[in-house]
Amino acid sequence: MRTTLTVNGERHDLSHDERLSLLDAIRDQIGLTGTKKGCDHGQCGACTVHVNGRRVNSCLTLAAMHDGDEITTIEGLGTPDAPGAMQASFQACDGFQCGFCTAGQIMSASAVLEEIGRGEPSHVSSSLSSIDGMTDGELAERMSGNLCRCSAYPMIRAAIARAAEAAE
Amino acid sequence: MTFDFKMDQPQPRLLDSTRQGLIGTDMARPEGLLKVTGAAAYAADHLPEGCVHGMLVRATVTRGRVTAIDEGSIGDIPGLLGVFHGPKFIRNPAQGMAGESPIRPDTEVHFHGQPIALVVAETFEAAREGALRLAVTYESAPAEVDPETASEVESDEPDTRGDWDDAWGKAAARVDLTFRTAGHVSAAMEPHAAVAEWQGENLLLRGALQMVATNRLELADALGVEPERVRVVSPFVGGGFGSKLGIGPEAVAASVAARDLGRPVRVVMARQTVFDAVLRRTETRQRLRLAADADGKLLALAHDDRISNLPGEGFAEPVSSASRFTYDALAMHFAQEVARNHRTPSGSVRAPGEAVGMITLEVAMDMLAQLLDIDPLDLRLKNVATSHPMTGQAFGEQRLADCLTEGARRFGWADRPAPGTRSEGDWLIGAGMAAAARPNALQESSARVRLTPWGAVVETDMTDIGTGTYAILTQIAGEMLGLPAERVEVRLADSDFPRSPGSGGSFGASSSGSAVFMAAKGIREKLARTLGCDPDDLALQDGIARGGNVERSLADLIDGELGETATVGPGKTAETHASAGFGAHFAEVAVHRWTGEIRVRRMLGLFDIGRVLNERTARGQALGGMIWGMGGALHEALEHDPRTGHIANRDLANYHVAAHADVPGDITADFLPVRDDHANPMQSKGVGELGISGSGAAILNAVHDACGARLLSIPATPDKVIAAMEEG
Ligand code: FES
Ligand code: FES
């Protein structure tokens with residue numbers, strides 16, 4: 001079957017097996033391998049990308065469901081020579097070790113800042129209508145879908161807090 | 001020229017007098033920007049021209065024989081290229097540093113989930129369908145899967161010291177406890193992966209591997225080819241934690257299929273296969289006995305354990321490793337039993353031994369302090385070993401007492417309220433502490449350093465599995481040769497490069513770093529000769545060499561290129577001196593009065609790791625270890641089906657590794673300034689596993705302080721906490 005995806009602003013016409021996941025489309029068909037597969041079951045967050053501006057576990061959704069969608073991957077946020085703000089903040093704070101969960105952490109983190117910016121509450125927010133801002137507890141809760149077995153968590157949260165401050 | 005160095009005597013502290021100012025700093029990782037932008041290519045990120053996809057098939061019986069694999073059962077799958085199995089396939093990953101093929105069971109099955117075949121197809125989807133649907137028939141044999149009831153149990157003579165009965169008999173206080181720990185998995189975020197590509201008779205294997213030199217030997221042996229025909233590369237590895245020490249079934253299967261098909265083959269383990277087929281950490285049952293006089297001086301210490309492994313697997317978790325040298329006692333006793341069973345075989349998972357042994361020792365110490373009514377900190381300070389109690393060796397450097405006292409000061413240990421007196425709503429608050437210890441070793445390692453007019457190039461087959469190898473080798477070479485980090489290039493993890501031990505056992509940084517250090521030292525000596533000064537008077541900084549009143553740029557001094565290859569290895573100091581990392585953990589927890597939930601609110605670790613090579617990567621290692629210790633204490637457990645031994649919770653939804661929400665914002669790790677002159681020429685010690693040692697004990701001891709519940713089985717899940725609260 002055929003699907004058209006726009007990834008990081010570039011259009012890709014794919015001809016593929018119906019069962020192709022969005023993750024495998026991005027990695028193996030389009031060749032953007034920065035997005036990682038840690039579990040293929042929506043349990044680790046390594047495959048997080050943005051679909052039409054919202055974070056999604058790309059292993060949990062089929063490519064065929066995204067005809068016409070706008071996808072952003074880690075490569076869309078910056079390059080080694082010109083890293084994006086969140087990427088630079090992760091490098092500055094050592095928000096990774098092996099780097100395998102990192103694309104997912106960064107894609108989630110940049111979405112989290114927007115979710116908080118839009119006033120969307122989380123499980124730890126004190127009420128549905130008012131959230132407590134960029135507290136460490138809010139970040140920890142909202143980032144908990146992104147596992148890091150290296151356990152770089154303290155540095156990841158420092159990196160997100162730093163990027164949030166810089167954005168203000 | 002090859003420069004051979006054996007660590008026969010302490011070496012001058014050269015890194016304390018070099019001028020570049022790179023060593024020990026918190027320099028950012030040179031490869032970091034590749035990682036944060038998705039540009040770092042891990043094994044499975046390679047899809048060479050014509051590459052096809054393989055999926056491993058698992059055994060669905062625990063023990064027996066595969067009698068038929070019906071390829072016709074999946075013959076209708078479009079794009080199917082073949083089903084591979086047979087005498088070259090390995091049963092399980094090699095144990096660390098094996099250097100030869102693991103058991104090749106051919107048609108035999110020894111555990112549930114054992115990889116028995118590989119289905120290869122043009123697409124991943126087709127290969128996956130084939131692996132799921134392939135019809136396999138077995139002849140099943142009975143299998144024991146419970147380590148407690150195993151009929152085959154091996155044991156060696158216990159290691160002992162002193163007169164046990166006498167020491168035990170005259171004690172004023174005694175602790176005698178049984179402690180249980182669940183099995184663990186490494187669960188590196190990168191599933192095991194291999195891309196095999198034959199070029200004529202030569203194999204290029206891109207793998208997710210920690211030790212490429214021995215992995216190459218293991219792979220060549222399994223395939224029956226000369227090692228010279230095999231090249232293994234693994235420049236980026238998505239975490240290892242012991243699980244990628246040895247060559248795995250994915251690499252052998254991919255190589256077999258690629259050769260037959262004449263096309264590159266990529267095999268990535270499904271996450272469930274990583275659980276089933278990669279070596280686990282054994283569950284343990286431990287008996288810990290402590291006896292002390294009324295002042296708290298230890299008289300007797302015994303740490304006996306029972307672990308399990310598959311018949312024929314040589315690895316045995318060294319559970320009592322740190323109990324042998326952390327504290328001193330007149331009488332000591334260490335015994336181990338290995339129960340043979342048919343669960344997934346066990347092997348190294350981060351900090352084998354200490355991860356499960358130190359938590360037991362340190363909970364026992366807390367119980368002893370309680371019995372004697374002594375501050376747990378003071379009890380430890382009274383008993384810190386001043387030499388290795390079992391071998392009599394002096395310690396190269398041992399700063400456990402300083403870690404304990406300084407850690408206590410920073411944590412505010414002395415100001416904590418009396419046990420069981422703090423609560424916030426339904427949460428009971430408590431504090432606990434524990435010691436950390438882990439042996440340190442120098443392993444034979446080689447590196448090549450080349451100085452060119454541009455800067456320096458370092459080559460070694462050492463890996464960086466997130467530990468910071470790219471950073472520290474850049475710093476060592478830059479520091480020794482007077483070059484800024486931007487003018488040092490580190491090339492790793494290619495079996496064509498000089499051989500290192502790889503990443504494992506916390507020895508990688510010191511061993512491969514020492515090789516780079518000695519190679520660079522050789523270059524310094526040549527530079528001094530050219531400059532006409534004594535090597536001791538040579539000062540190198542920012543590409544300028546100074547010595548004997550002469551100043552020249554490095555580019556002028558060298559004629560094209562100056563190279564040195566060094567091989568370093570352990571020598572006499574490893575016999576005369578014991579080397580180990582030490583530390584102290586402090587934790588504050590909240591325990592929910594009604595649900596038994598434990599929340600860790602604060603953790604502080606202070607460590608003696610000798611010279612710190614990179615402050616930030618060392619801290620990352622220490623914090624990661626502390627969080628692993630927390631996860632082991634509170635969450636992690638392999639659950640085995642009692643009928644088949646099969647791992648029932650074989651994915652990341654059912655096996656809980658610590659997530660952001662488990663980790664407190666207030667968690668710190670720091671290091672004392674120490675030099676271990678007997679460890680290696682850089683005076684450094686390992687850090688990758690030390691952080692786990694004891695961290696879970698600080699948490700369990702804090703739980704006791706908060707609510708009186710004494711947990712003697714991990715993970716300390718809420719059901720156990722509630723039961724223990726009712727008892728306590
Ligand atoms: S790979 Fe998608 S959540 Fe793990
Ligand atoms: S950096 Fe290794 S898993 Fe997160």
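Just so it is clear: chains get the letters A, B, ... in the order the sequence lines come, proteins before strands, and each one is counted from 1.
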Max heavy-atom pair count under 4.5 Å with chain B, selected residue of [options]:
options                                  : value
Ile156(A), Thr35(A), Asn146(A)           : Ile156(A)
Leu139(A), Asp24(A), Val124(A), Leu77(A) : Asp24(A)
Gly31(A), Ser151(A), Gly34(A), Ala152(A) : Ser151(A)

### Message
Any salt bridge linking Arg271(B) with Asp40(A)? Criterion: basic side-chain nitrogen under 4.0 Å from a carboxylate oxygen.
### Response
no
### Message
Using a strict threshold of under 4.0 Å (side-chain N to carboxylate O), is an ion pair present between Asp28(A) and Arg266(B)?
### Response
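A salt bridge links Arg266(B) with Asp28(A).
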### Query
Just checking heavy atoms, which of residues 42-58 of chain A are less than 4.5 Å from chain B?
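So far as heavy atoms go, Gln43(A), Cys44(A) are the residues that approach chain B to under 4.5 Å.
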What part of [X] lies closer than 4.5 angstrom to a heavy atom of chain B: side chain, backbone, both or neither?
X         : answer
Ala92(A)  : backbone
Leu32(A)  : neither
Asp136(A) : side chain
Gln105(A) : side chain
Met155(A) : side chain

### Task
Taking the six-membered ring of Phe236(B) (Phe, Tyr or Trp), confirm whether the NZ or CZ of Lys36(A) is under 6.0 Å from its centre and within 45° of its axis.
no
### Task
Just give me the residue among Cys51(B), Ala193(B), Ser186(B), Ala270(B) that pairs up with chain A most often, heavy atom to heavy atom, under 4.5 Å.
Ser186(B)
### Task
Give the member of Asp651(B), Thr668(B), Ile465(B) that has the highest number of heavy-atom pairs under 4.5 Å with chain A.
Asp651(B)
Are the side chains of [Y] and [X] in contact, using a 4.5 Å heavy-atom criterion?
X         : Y         : answer
His660(B) : Arg157(A) : yes
Arg149(A) : Trp628(B) : yes
Gln621(B) : Gln97(A)  : yes
Arg19(A)  : Arg128(B) : yes

